[in-house]
Enquirer: 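Structure provided below as structure tokens; questions to follow.
Since the model is a prediction, treat every value here as computed from it, not as a measurement. Just so you know, ligand 1 is whichever comes first in the structure, and atom 1 is the first atom listed for that ligand.
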Amino acid sequence: MTTPLLYSIRMRASAASHHISGAERLSDQERVSIIVQELMTRALSRGAAPDRIVVTVEALKGASLRELRSLDLTASAASDIADCRQAARTMLLSFGISPLAIEAAFQHLDDGPAPSGGNMRGAMIMDAASGTRLEPDHERGVRVSRFDWSDAASGEIDRSLARINLTHFRTKEALALATKVAYAPGIIAELCWSDDSTYTAGYIASRATGYCRYPCMKEKGIDRGGRVFFVRGDKLDKDPLLSFLQYDPVLITSVGSCIMSP
Ligand code: WAQ
Ligand code: MG
């Protein structure tokens, strides 16, 4: 039997060369056009009207597919920003990330981490000791791509998240992305919160702790956010990390637990 061809489908929308939104999916041939439709709808649904939408459909020939189980998700019920940020900081410290690096990361996400002032399309890679940024392009960042839920896992994670009232597409997408990132060579942990002004949630994720979700990492109305991948800069082998994040296809075929923090 030949394995069916897999397609990577990526969308990015921008206005006046500023990033507005993006998404990435994997698909078999039959569903490519449906997914392109979905991503177009998404690109047009953000507040700002994009003046450019780029959708790339690419066959992944010969790439071997890694199958992963999604990280266990624990949702915090903390209801104010100070509590959420404190819990997030404590968790990052527990991984051995320095206070200096943690403050640098929070500052970048608060300010908009792109040198030109806005959000980045991709993520920062940050040395866990010094807080130095190591991604090759500080304006763009590293865009994680080529990951998705299998059909079966997609239905199952929808049901698991719905049981704890997490029904927004952002949670499901972020959990998939964080799962791929947690398995990348050299990553200690990820810090993220959304740049969408109506969406205040964020998370810390690592292979050891799973995906720890905090409902309010910033005030409503703030359109700044981003992602930081913490690494040990002195031991980092950058090329395998960048190549895994951007190019290696990962399909999430089984689902970890999803619980509210006790
Ligand atoms: N690869 C790397 N970085 C990315 C990617 C990607 N594929 N997509 C987004 N980013 C970066 C980019 O800098 C964005 O500005 C930033 O992350 C935030 O992106 O309910 O929705 O799409 O548990 O706004 C987290 C909480 C939501 C979800 C994250 O991110 C939940 C979110 P957004
Ligand atoms: Mg996004």
Side-chain angles (χ1 to χ4, degrees), residues 8-14 18-26 39 42-43 45-48 56 70-78 84 88 105 108-126 133 135-148 157-158 160-162 164-182 184 187 190-205 210-218 222-229 241-242 244-247 250 258-261:
S8 160
I9 309 172
R10 306 190 294 278
M11 175 279 286
R12 62 176 208 269
S14 57
H18 274 280
H19 175 69
I20 302 178
S21 70
E24 24 276 310
R25 303 286 303 274
L26 294 176
L39 295 184
R42 168 90 76 85
S45 71
R46 287 291 279 263
T56 306
S70 59
L71 296 176
D72 290 341
L73 175 147
T74 308
S76 158
C84 287
H108 281 307
L109 297 202
D110 278 334
D111 293 349
S116 65
N119 297 313
M120 295 163 73
R121 254 176 73 203
M124 289 170 269
I125 296 179
M126 186 177 281
R133 287 171 63 171
E135 73 278 9
D137 179 343
H138 288 202
E139 191 64 35
R140 177 184 184 274
V142 177
R143 187 91 191 164
V144 184
S145 187
R146 301 183 177 176
F147 62 90
D148 208 341
I157 193 65
D158 286 345
S160 292
L161 290 171
I164 53 171
N165 290 318
L166 294 176
T167 52
H168 200 287
F169 72 82
R170 287 185 180 281
T171 311
K172 180 182 183 181
E173 275 187 9
L175 178 58
L177 184 149
T179 299
K180 179 171 181 186
V181 171
I187 295 278
E190 176 186 359
L191 163 70
C192 163
W193 65 79
S194 178
D195 58 37
D196 185 316
S197 63
T198 66
Y199 205 80
T200 62
Y203 63 87
I204 307 280
Y211 180 106
C212 302
R213 179 184 196 269
Y214 300 101
C216 34
M217 292 296 282
K218 62 169 188 184
I222 302 289
D223 59 0
R224 291 277 183 265
R227 285 185 154 92
V228 181
F229 304 156
L241 172 63
L242 294 177
F244 177 84
L245 291 171
Q246 298 177 104
Y247 303 118
V250 164
C258 297
I259 59 165
M260 286 300 294
S261 171

Enquirer: With a cutoff of 4.0 Å, is Ala201 in contact with ligand 1, counting heavy atoms of the residue only?
Expert: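 Yes, Ala201 has heavy atoms under 4.0 Å from ligand 1.
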Enquirer: So which of Arg121, Arg10, His108 gets nearest to atom 4 (C) of ligand 1, if we judge by its closest heavy atom?
Expert: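 Nearest option to atom 4 (C) of ligand 1, by heavy atoms: Arg121.
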Enquirer: Keeping Thr200 on the side-chain end and Pro215 on the backbone end, is there a donor-acceptor pair under 3.5 Å?
Expert: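 Looks like yes, one N/O pair under 3.5 Å.
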Enquirer: So does Phe169 get a backbone contact from the side chain of Glu173, meaning a donor-acceptor N/O pair under 3.5 Å?
Expert: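 No.
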Enquirer: Which atom pair, heavy atoms only, marks the closest approach of Leu73 to Leu175?
Expert: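 Minimum heavy-atom contact is CD1-CD2, 4.3 Å.
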Enquirer: Please list, in number order, the atoms of ligand 1 under 4.0 Å from a heavy atom of Tyr211.
Expert: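 In order of number, 23 (O), 26 (C), 28 (C), 31 (C).
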Enquirer: I need the contact type for Cys192 against ligand 1. Using non-hydrogen atoms and a strict under-4.0 Å cut-off, is it side chain, backbone, both or neither?
Expert: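 It is the side chain that gets close, since no backbone atom is under 4.0 Å.
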Enquirer: Which residue in the set Leu191, Leu109, Leu177, Val142 passes side chain to side chain contact (heavy atoms under 4.5 Å, CB included) when paired with Arg227?
Expert: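 Considering Leu191, Leu109, Leu177, Val142, a side chain to side chain contact (heavy atoms under 4.5 Å, CB included) with Arg227 is found only for Leu177.
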Enquirer: Search all heavy atoms of Arg213 against all heavy atoms of Tyr203 and return the closest pair with its distance.
Expert: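 What the structure gives for the nearest pair is CA-CB, 4.2 Å.
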Enquirer: For Arg213, take its heavy atoms, then give the atoms of ligand 1 lying under 4.0 Å from any of them.
Expert: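 Under 4.0 Å from Arg213, ligand 1 has these atoms: 20 (O), 23 (O), 31 (C).
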Enquirer: What's the shortest heavy-atom distance between Asp195 and Lys218, and which atoms?
Expert: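 Of all heavy-atom pairs spanning Asp195 and Lys218, the closest is C-NZ, 3.6 Å.
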Enquirer: Which is closest to atom 9 (C) of ligand 1 by heavy-atom distance: Arg140, Arg227, Glu173?
Expert: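 Selected option, by shortest heavy-atom distance: Arg227.
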Enquirer: Applying a strict 4.0 Å limit to heavy atoms, is Met120 in contact with ligand 1?
Expert: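 Checking ligand 1 against Met120, which is what was asked, there is a heavy-atom contact under 4.0 Å.
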Enquirer: Go through ligand 1 atom by atom and flag the ones less than 4.0 Å from a non-hydrogen atom of Thr171.
Expert: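 Per the distance check, 20 (O), 23 (O), 28 (C), 31 (C).
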Enquirer: So which atom in Ser116 and which in His18 form the shortest heavy-atom distance, rounded to 0.1 Å?
Expert: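 Of all heavy-atom pairs spanning Ser116 and His18, the closest is OG-CE1, 4.2 Å.
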Enquirer: Number the atoms of ligand 1 from 1 as they appear, then name those within less than 4.0 Å of a heavy atom of Tyr203, with their elements.
Expert: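 Per the distance check, 25 (C).
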Enquirer: Any donor-acceptor pair under 3.5 Å linking the side-chain atoms of Arg12 with those of Ser14?
Expert: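 Their side chains do not contain a donor-acceptor pair, so the 3.5 Å distance test is not met.
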Enquirer: Considering the heavy atoms of Gly122, write down every atom of ligand 1 situated less than 4.0 Å from one of them.
Expert: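 Those qualifying, in numeric order: 2 (C), 3 (N), 11 (C), 12 (C), 13 (O).
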Enquirer: Going by the atom numbers of ligand 1, which of them fall below 4.0 Å from some non-hydrogen atom of Asp195?
Expert: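 This gives 14 (C), 15 (O), 16 (C), 18 (C), 19 (O), 24 (O) as the contact atoms.
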Enquirer: Does the N or O separation between Tyr199 and ligand 1 drop below 3.5 Å for any pair?
Expert: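 In this structure, Tyr199 places an N or O atom under 3.5 Å from an N or O of ligand 1.
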Enquirer: So if I count the atoms of ligand 1 from 1 in the order they appear, which ones are less than 4.0 Å from some heavy atom of Glu24?
Expert: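 That gives atoms 7 (N) of ligand 1.
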Enquirer: Looking only at non-hydrogen atoms, which of Glu190, Arg224, Arg170 approaches atom 21 (O) of ligand 1 most closely?
Expert: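 Closest candidate by heavy-atom distance is Arg170.
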Enquirer: Ile164 and Ala75: which non-hydrogen atoms are nearest, and at how many Å?
Expert: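 Shortest heavy-atom contact: CD1-CB, 4.4 Å.
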Enquirer: Please work out, at 4.0 Å between heavy atoms, whether the side chain, the backbone, both, or neither of Arg143 comes within that distance of ligand 1.
Expert: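 For Arg143, backbone and side-chain atoms both sit under 4.0 Å from ligand 1.
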Enquirer: Go through ligand 1 atom by atom and flag the ones less than 4.0 Å from a non-hydrogen atom of Val142.
Expert: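 Those atoms are 1 (N), 2 (C), 3 (N).
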Enquirer: Which heavy atom in Arg143 sits nearest to a heavy atom in Arg121, and how many Å separate them?
Expert: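 That closest heavy-atom pairing would be NH1-O, 2.6 Å.
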